[in-house]
Amino acid sequence: MKFNKLLTYIVLSLLSILFVIPFIWLIVEAFSPLNNVGLTFPSYYTLKPFYAVLTNKIFVNSIYEGLIQSFGGTFLSILFAIGPAYIFSRKRFRFRLPLLLGILLLTGFPVFSLLIPEYVFYVKESLYNNIIGVILFLGVLNVPIDIWILKNSFDQIPQAIEKASYIDGASNLKSMLYIFLPLAMPIMAVLIILNFVINWGNFYVPYILLSSTHLFPISVEIYSFFGAYNVQYNELAAFSIIYTIPAIILYIFSQKYMIKALSGGVKG
């Protein structure tokens, strides 16, 4: 029994080391003056890779475009999901269960199968190579999973609170805005982070729907480091670290709400 436990710890430790090594290389390489392929500790460290990235107008603009597209898509996803989530949670109507199952099926629908017809539609409707078109597409992609998560959160709100708001003269809209959404703020924070991270790392949607390089977000622009004959690994590592900063900052600011969501969400 002790041998099995020891063997388990050894295997898990080896797996954790293999998982950590790429992150160590990323940090070391980002501050390295050399362009190393493998994990090599230099004799001194420098900020030149970060300076080279942050003084490149194309890369800085890609960060700006990425923030606009990611936050825009996140805002639309949650906005589109609030109403259906409230209706599915609090109302009983015909075909409710089939619709819910249909939405659940859409959560596993492959995005790649939509890109070609979406590309044709965008070209016809003059939305191709338009940042608004990318935001709309990103906003729609995460709506099914957002509806399910929000619905489950709304289900936890006691009916007594809802009935009390109706007695005070609140309509369905006011009840949703002033009762359900404030009580579901921890789940909303989780959704914001989830949607932003998905949109922030989305490569194929902006790559297919945009053709102008000045509109490419950071998720697309980061691939420009992989040249045909040379790769600037230290600048790539620095850019990758910068790439993670917005998600980390968003997590820090939403951490209080995330803890509430993970510890039970809405309390009755």
Side-chain angles (χ1 to χ4, degrees), residues 67-111 114 118 132 134-168 170-202 205 246-268:
L67 290 173
I68 292 178
Q69 295 174 28
S70 299
F71 276 118
T74 299
F75 173 78
L76 289 183
S77 294
I78 297 177
L79 181 66
F80 293 156
I82 290 174
Y86 173 78
I87 293 173
F88 282 120
S89 174
R90 282 337 212 204
K91 307 298 179 181
R92 296 296 181 267
F93 52 90
R94 195 177 181 184
F95 302 121
R96 175 179 174 274
L97 183 58
L99 286 173
L100 274 173
L101 294 178
I103 292 173
L104 181 62
L105 180 64
L106 287 175
T107 60
F109 200 80
V111 179
L114 298 174
E118 194 69 22
I132 301 298
V134 175
I135 291 175
L136 286 173
F137 193 77
L138 291 175
V140 171
L141 282 181
N142 299 322
V143 170
I145 187 64
D146 288 352
I147 290 176
W148 265 95
I149 294 175
L150 271 178
K151 175 198 169 295
N152 292 333
S153 176
F154 290 161
D155 287 344
Q156 299 178 40
I157 298 176
Q159 291 186 356
I161 298 178
E162 183 183 13
K163 291 179 180 178
S165 67
Y166 293 149
I167 293 173
D168 291 336
S171 62
N172 287 331
L173 180 60
K174 287 186 176 181
S175 177
M176 181 181 67
L177 293 177
Y178 298 109
I179 302 297
F180 282 80
L181 290 184
L183 290 176
M185 278 305 295
I187 302 298
M188 296 283 285
V190 174
L191 281 181
I192 290 173
I193 294 177
L194 176 64
N195 281 269
F196 177 82
V197 170
I198 293 174
N199 294 335
W200 185 248
N202 196 308
V205 171
I248 295 174
I249 293 175
L250 187 62
Y251 170 77
I252 292 173
F253 280 103
S254 305
Q255 189 175 16
K256 179 179 68 173
Y257 295 106
M258 288 192 65
I259 292 174
K260 289 182 180 180
L262 295 175
S263 62
V266 177
K267 297 293 184 181

CA sep, side-chain torsions, deciding dist, call: Ile135, Phe75, side chain to side chain contact (heavy atoms under 4.5 Å, CB included): CA-CA 9 Å; Ile135 291 175; Phe75 173 78; over 6 Å; no
From Ile132 atom CD1 to Gln69 atom CD, the distance as rounded to the nearest 0.5 Å: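 Ile132 CD1 to Gln69 CD: 10.0 Å, rounded to 0.5 Å.
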Close side-chain approach of Lys151 and Ile103, heavy atoms under 4.5 Å: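 No, side chains not in contact.
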Closest contact, heavy atoms only, Gly139 versus Ser77: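 That closest heavy-atom pairing would be O-OG, 2.7 Å.
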Whether Phe196 and Phe71 hold their rings parallel, tilted or perpendicular, with breakpoints at 30° and 60°: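 Ring orientation, 0 to 90° scale: tilted.
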Separation of Ile157 CD1 from Gln159 CD (nearest 0.5 Å):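 One gets 11.0 Å once the value is rounded to the nearest 0.5 Å.
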Val205 vs Glu118 side-chain heavy atoms within contact, under 4.5 Å: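 Answer no - side chains too far apart.
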Gap separating the CD1 atom of Ile147 from the OG atom of Ser89, nearest 0.5 angstrom: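 Between atom CD1 of Ile147 and atom OG of Ser89 there are 12.5 Å.
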Any pair counted as side-chain hydrogen bond (donor to acceptor under 3.5 Å, both in side chains), so long as it reaches residues 182-201, sequence neighbours left out: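 Sorted result for residues 182-201: Thr74-Asn199, Asn142-Asn195, Asn142-Asn199, Asp146-Asn195.
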Inter-residue atom distance Leu183.CG - Tyr178.OH, 0.5 Å rounding: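 Interatomic distance, Leu183 CG to Tyr178 OH, rounded to 0.5 Å: 14.5 Å.
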Close side-chain approach of Ile198 to Leu141, heavy-atom, < 4.5 Å: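 A side-chain contact is absent here, since even the closest heavy-atom pair is not under 4.5 Å.
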Spacing of CD1 belonging to Ile192 relative to CD1 belonging to Ile78, to within rounding of 0.5 Å: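 Here the rounded value is 4.5 Å.
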CZ (Arg94) with more than 12 external heavy atoms under 6.0 Å: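 Result for CZ/Arg94: open.
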Considering all heavy atoms, the nearest Trp148-Leu100 contact: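 In terms of heavy atoms, the two residues are closest at NE1-O, 3.3 Å.
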Interatomic spacing from CE in Met188 to CD1 in Ile193 - rounded to 0.5 Å: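 CD1 of Ile193 is found 12.5 Å from CE of Met188.
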Parallel, tilted or perpendicular: rings of Phe180 and Tyr86 (30°, 60°):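 Judged by the thresholds at 30° and 60°, the geometry between Tyr86 and Phe180 is perpendicular.
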Residue pair Met176 / Gly83: nearest heavy atoms and the distance that separates them: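 Heavy-atom minimum between the residues: SD-CA, 4.2 Å.
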